[in-house]
**Student:** 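First the structure, which I've put down as C-alpha cells, then a few questions once you've had a look.
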Amino acid sequence: MNTLTLSRFKPVSITANQKWMLLITVCIFALALLSIGYGPAGWDWRLAIAWIAPEYFNQFDALQINVVTQIRLPRFVLAVLVGLVLAQTGAATQALCRNPLADPSIIGISAGAAMVAVAFIAFSAQFNFNAQYYLPYAAFLGALLVTSLVYLIAKQHRQVNITTLILVGVAINSLSFAVIGLLSYFADDSALRLINYWTMGSLGGANWDAITQATPLLLLSILGLWRLKEPMNLLLIGESQAQYLGVNTDKLKLYVIILVALGVGAVVALTGLIGFVGLVVPHIARLMVGPHLRKMLPLCMLLGVVVLLLSDWLARLVVMPAELPIGIITALLGAPLFIYLIIKTKRG
C-alpha cells in the first residue's frame with residue numbers, strides 16, 4: 001500500500017528552458033542590486049532594497065534617499081523596459097524577415113527614428129515648442145516611415161529579399177547620420193548637446209516623467225508583439241505555409257511593422273541609439289532553447305534586460321565618476337558577434 005502511494009509522487013522534471021529562465025532571473029536580481037545600490041558614492045546593499053523596505057530609509061539622509069528614488073531607480077526601470085523592447089523587436093524583425101541578421105538598428109529603423117527626433121530638437125528653438133514632449137511621437141513617426149520604406153523596397157514577389165533589405169538599411173543609416181550631421185552643424189549649443197546624446201545612447205537622462213510618458217507606447221509594443229508570437233512562429237516556416245495554416249500574412253506583417261516601429265521609436269526617444277541588442281540577444285536565446293518563439297521569446301526578453309543592466313553598469317564603472325554612453329558598450333559587445341554571424345552565414 002505504501003509502495004503504491006509513494007509511486008504516485010514522481011519528481012518534477014525541469015526543462016532546459018525553465019532552467020535558463022531561473023538562472024537569468026537570478027542574474028537580473030543580482031544586477032538590480034548593483035544598479036540601484038552601486039554608484040559614484042560607493043556600494044551599499046541596503047540602498048538597493050530601501051525602496052521596497054521603508055524601514056531602511058531611516059538609516060539614510062535625504063540626499064541618499066533622493067539619489068535612489070529619483071536617479072538610480074528610474075534608471076533601473078528604464079533599463080528593464082528598454083531591454084525588453086529591444087530584444088523583442090529584434091526577435092520580431094528577424095521573424096518577419098526570416099533571417100537572423102535582421103535587426104532594427106541594422107536595417108535603419110533606429111537611425112530613422114533618431115533622425116526625426118533630432119530634427120524636432122534642432123527646430124524646437126526656431127518654432128518655439130517643447131521638443132521633449134513630442135520626441136516619443138516624432139521618433140515613432142520616423143521609425144514607422146523607415147520601416148515601411150525598407151520593407152516595400154525589399155519586398156519582391158511577396159517575399160522579402162534579405163540582401164536588398166540589408167543594403168537599403170545601410171543606405172538609410174548613412175542618409176540618417178548625414179542628416180543628423182547636417183542638423184548638428186546648424187544647431188545651437190543646447191541642441192547640439194542633446195543631438196550628441198541621441199547619437200551615442202545613454203540611460204543617464206532617466207526620470208519618472210519621461211518614463212511615464214513613454215510607458216504606454218512601450219507596453220503597447222511589448223503586449224502587441226507578445227500576442228503575435230504564435231502567428232510569427234508560423235511565419236518562420238514560410239509565408240505560403242503560414243497562409244495555408246490560416247494566417248493572414250499581409251495583415252500580420254503590417255501589425256509587426258507598426259509595433260516594432262512603435263517600440264523602437266519610443267526607445268530612441270528615451271535613450272538615443274542603442275545598437276546590436278536586437279541582433280545579439282535573439283541569437284543567444286535561439287542557441288539556448290531553439291527557434292520556437294513560444295520558448296525563445298520570453299527568454300530573449302529577459303536576456304535583453306540582463307544585457308542592458310550589465311552594459312549600463314559597465315558604462316558607469318569604466319570611467320567613474322563619469323560614464324560612457326551605453327551605445328558604445330553594446331556596440332563593443334555586439335559588433336564582433338555580428339561579424340561572426342556574417343562569416344557563419346557566408347560559409348553556410
Side-chain angles (χ1 to χ4, degrees), residues 75 78 82 85-86 103-150 166-207 209-210 213-214 217 261-279 308 311-312 315-316 318-319 322-332 334-335 338:
R75 188 168 184 145
L78 181 60
V82 170
V85 170
L86 289 181
D103 169 66
S105 63
I106 298 299
I107 62 178
I109 300 175
S110 300
M115 179 180 63
V116 178
V118 165
F120 267 68
I121 294 172
F123 293 125
S124 61
Q126 298 182 8
F127 294 96
N128 194 22
F129 64 89
N130 185 6
Q132 294 288 345
Y133 178 81
Y134 294 103
L135 276 182
Y137 309 101
F140 163 65
L141 178 62
L144 181 62
L145 292 175
V146 169
T147 307
S148 303
L149 178 63
V150 170
I166 295 177
L167 290 175
V168 173
V170 170
I172 289 180
N173 272 319
S174 300
L175 176 62
S176 298
F177 283 112
V179 173
I180 290 173
L182 182 64
L183 293 172
S184 302
Y185 184 80
F186 293 103
D188 56 20
D189 291 339
S190 60
L192 185 60
R193 285 193 294 270
L194 281 175
I195 290 173
N196 289 331
Y197 164 79
W198 294 119
T199 55
M200 292 187 290
S202 175
L203 300 179
N207 60 79
D209 291 337
Q213 183 182 0
L217 302 179
L262 187 66
V264 172
V267 165
V268 171
L270 287 171
T271 65
L273 292 174
I274 300 178
F276 290 102
V277 176
L279 170 66
L308 257 292
S311 299
D312 182 50
R316 289 188 287 167
V318 173
V319 291
E323 67 177 67
L324 286 174
I326 192 173
I328 294 177
I329 302 295
T330 57
L332 288 174
F338 180 63

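Since we're looking at a predicted model, the values are computed, not measured. Values below: every heavy atom of this structure, side chains too, minus hydrogens, waters and symmetry copies.
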**Student:** How far apart are the closest heavy atoms of A261 and A143, and which atoms are they?
**Tutor:** O-CB, 3.5 Å
**Student:** Minimum heavy-atom separation for G108 to N173, with atom names?
**Tutor:** CA-OD1, 3.6 Å
**Student:** So how far is it from I274 CD1 to I329 CD1, rounded to the nearest 0.5 Å?
**Tutor:**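 Atom-to-atom, I274:CD1 and I329:CD1 are 11.5 Å apart.
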**Student:** Measure the OG-CG distance between S202 and L324 for me, rounded to the nearest 0.5 Å.
**Tutor:** 10.0 Å
**Student:** Quick check against the 3.5 Å criterion: does D312 have a side-chain atom that pairs as donor or acceptor with the backbone of L308?
**Tutor:** no
**Student:** As an exercise, state the distance from CD1 of I326 to CZ of R75, rounded to the nearest 0.5 Å.
**Tutor:**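 One finds 7.5 Å between CD1 of I326 and CZ of R75.
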**Student:** Within a strict 4.5 Å, meaning less than it, do heavy atoms of the L141 and F120 side chains meet?
**Tutor:** no
**Student:** Quick one: CG on L175 to CE on M115, what's the gap to the nearest 0.5 Å?
**Tutor:** 6.0 Å
**Student:** Grab the two heavy atoms, one from L270 and one from A210, that are nearest each other, plus how far apart they are.
**Tutor:**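 Of all heavy-atom pairs spanning L270 and A210, the closest is CD2-O, 3.6 Å.
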**Student:** Closest heavy-atom contact between A139 and A117?
**Tutor:** CB-CB, 4.4 Å
**Student:** Using atom types as modelled and distance alone, determine if a side-chain donor or acceptor of T330 lies under 3.5 Å from a backbone N or O of G327.
**Tutor:** yes
**Student:** Would you say that V116 contacts F140 through its side chain, given a criterion of any heavy-atom pair below 4.5 Å between the two side chains?
**Tutor:**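 A side-chain contact under 4.5 Å is absent here.
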**Student:** So among T147, D103, V150, which one has a side-chain contact (heavy atoms from CB on, under 4.5 Å) with I109?
**Tutor:** T147
**Student:** What's the shortest heavy-atom distance between V85 and V264, and which atoms?
**Tutor:** CG1-N, 4.4 Å
**Student:** If you take all heavy atoms of L217 and A266, which pair is closest and at what distance?
**Tutor:**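 Heavy-atom minimum between the residues: CB-CB, 4.0 Å.
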**Student:** Rounded to the nearest 0.5 Å, how far apart are OG of S110 and CG of L86?
**Tutor:** 7.0 Å
**Student:** Under 4.5 Å between any side-chain heavy atoms of L78 and T271, yes or no?
**Tutor:**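 Of all side-chain heavy-atom pairs linking T271 with L78, at least one is under 4.5 Å.
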